[in-house]
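Just so we're on the same page: letters track the sequence lines, and every chain starts at 1.
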Protein chains: 2
Amino acid sequence: MCPYRIVLEHVTSRWGVLVLIELLDRPYRFSELRRAIGRVGRVSEKMLTQTLQTLERDGLVHRDAKPVIPPRVDYSLTDLGREAADQVRALALWTEQRMPDVERARHTYDEARTRSAQAS
Amino acid sequence: MCPYRIVLEHVTSRWGVLVLIELLDRPYRFSELRRAIGRVGRVSEKMLTQTLQTLERDGLVHRDAKPVIPPRVDYSLTDLGREAADQVRALALWTEQRMPDVERARHTYDEARTRSAQAS
DNA sequence: CAGCATCCGGTACGATACTG
DNA sequence: CAGTATCGTACCGGATGCTG
């Protein structure tokens, strides 16, 4: 499989999308980020960790761990990450905007299928 | 979960991305589309069917089934689908472009981890 | 050719408990 | 607080066989 597709899948992954969009606003701490995303769709601690590690490895997210007690870790976007996040957010906004059209299309589709089911 | 996130996941899904990008060039028949995508990552017949149905239901893809023997079905983008596909392609192109940066970031990341593993 | 039905393995994902 | 480790499950996705 093409190497760039891997990165594309990281960026467009379920939680990757949400992480990038949230971090576009401002840096977040781990649990804080988890709560912020939680308003849209609950993410498990494990998945958030995994997603952040993947994005960090790809150079999209910067992890700043301060050696204090209790631990404090801040996540932010790198310049590269911001470029990706901008595009992802644009896509998300577009989706939100076009939701009515999608709903209408679905309704038409479902009705057509219901009819043909009745006809059988 | 927010309704628009569902659509976003359809669009950014593994095969959804590739279908949208391919259809941006021109309409495709089923098997033809499968082969076209196959150059990047093999997709099973089942997944392609499923992806196309989802995108059709969301009003992004138009399905034109001609009642002939042998069957001929053409898939194309709707206006709505083209809007989505444009954004997805932009993201894919960006990813391809920035691949060197990602590779470099990964190398740095992996090396740092190797070192700390040796230190233990 | 286009697609549906069925079975099945891998893994993505969540819940929980534990550590520094 | 910010994770790691372990376990169980649900679902993704592939392989195969069949239909119009």
Side-chain angles (χ1 to χ4, degrees), chain A residues 1 5-6 8-19 22-23 27-38 40-57 61-76 109 112-113 116-117 119-120, chain B residues 1 5-6 8-19 22-23 27-38 40-57 61-76 109 112-113 116-117 119-120:
Chain A
M1 194 176 335
R5 281 211 50 224
I6 309 286
L8 186 58
E9 292 194 2
H10 293 168
V11 171
T12 62
S13 72
R14 192 164 188 189
W15 306 118
V17 169
L18 300 183
V19 165
E22 286 300 330
L23 288 182
Y28 275 92
R29 300 181 58 179
F30 186 85
S31 300
E32 202 183 18
L33 181 56
R34 190 154 123 81
R35 278 189 299 274
I37 291 176
V40 190
R42 192 148 203 87
V43 57
S44 71
E45 198 176 85
K46 175 183 161 186
M47 278 302 105
L48 182 56
T49 302
Q50 199 174 104
T51 304
L52 284 170
Q53 283 174 352
T54 304
L55 294 178
E56 187 197 355
R57 191 170 105 95
V61 162
H62 174 68
R63 180 176 183 275
D64 183 20
K66 280 146 189 159
V68 297
I69 304 282
R72 179 190 179 98
V73 182
D74 287 276
Y75 290 95
S76 56
Y109 181 90
R113 281 191 64 91
S116 64
S120 66
Chain B
M1 192 177 335
R5 281 210 50 222
I6 309 286
L8 187 57
E9 292 194 3
H10 292 166
V11 171
T12 62
S13 72
R14 192 165 187 189
W15 305 117
V17 169
L18 299 183
V19 165
E22 287 298 330
L23 288 183
Y28 274 92
R29 299 181 58 181
F30 186 85
S31 298
E32 203 183 19
L33 182 55
R34 191 154 122 81
R35 277 191 299 274
I37 291 175
V40 189
R42 194 148 202 86
V43 55
S44 72
E45 194 179 86
K46 176 184 163 184
M47 278 302 105
L48 182 56
T49 301
Q50 200 175 101
T51 302
L52 285 169
Q53 282 173 354
T54 304
L55 294 179
E56 186 197 356
R57 190 170 107 94
V61 162
H62 174 67
R63 180 177 183 274
D64 184 20
K66 280 149 190 156
V68 298
I69 305 283
R72 177 189 179 100
V73 182
D74 286 276
Y75 291 94
S76 56
Y109 181 91
R113 281 191 63 90
S116 64
S120 69

Outermost contacting nts on DNA chain D, any atom under 4.0 Å from chain A heavy atoms, listed 5' then 3', are dC1(D) to dC7(D)

For Y75(B) and V61(B), work out which heavy atoms get closest and say how close.
-> CD2-CG1, 3.8 Å

Indicate for each nucleotide in nucleotides 6-20 of chain C, in 5' to 3' sequence, whether protein heavy atoms under 4.0 Å reach the base (B), only the sugar-phosphate (S), or nothing (-).
-> -B-----BBB-B--B

Sorted by chain and number, sequence neighbours left out, side chain to side chain donor-acceptor pair (under 3.5 Å) with R35(A) holds for none

H62(A): side chain to side chain donor-acceptor pair (under 3.5 Å) partners, not counting sequence neighbours = none

Taken in chain and number order and not counting sequence neighbours, the residues that satisfy side chain to side chain contact (heavy atoms under 4.5 Å, CB included) with R72(A) are R29(A), K66(A), V68(A), D74(A)

List in chain and number order the residues that pass side chain to side chain donor-acceptor pair (under 3.5 Å) with E32(A), two or more places apart in sequence or in another chain; answer none if no residue qualifies.
-> R26(A)

Here the salt bridge (Lys or Arg N to Asp or Glu O under 4.0 Å) pairs for residues 46-57 of chain A, sequence neighbours left out, are R57(A)-D110(B)

When we call it a touch if two heavy atoms are under 4.0 Å apart, what does Q53(A) touch: a base, just sugar-phosphate, or nothing?
-> sugar-phosphate

Listed partners of S13(A) passing side chain to side chain contact (heavy atoms under 4.5 Å, CB included), at least two apart | none

Residue set satisfying side chain to side chain contact (heavy atoms under 4.5 Å, CB included) with V11(A), at least two apart, ordered chain then number -> V7(A), L20(A), L60(A), V88(A), L91(B)

Sugar-phosphate, base or nothing in reach of R63(B), heavy atoms under 4.0 Å | sugar-phosphate

Under the side chain to side chain donor-acceptor pair (under 3.5 Å) rule, collect the residues that match up with E45(B), sequence neighbours excluded.
-> none

With sequence neighbours left out, what residues match T49(A) under side chain to side chain contact (heavy atoms under 4.5 Å, CB included)?
-> F30(A), Q53(A)

At how many degrees, to 10°, do the end axes of the helix from dC1(C)-dG20(D) to dG20(C)-dC1(D) meet when each uses five pairs?
-> 50°

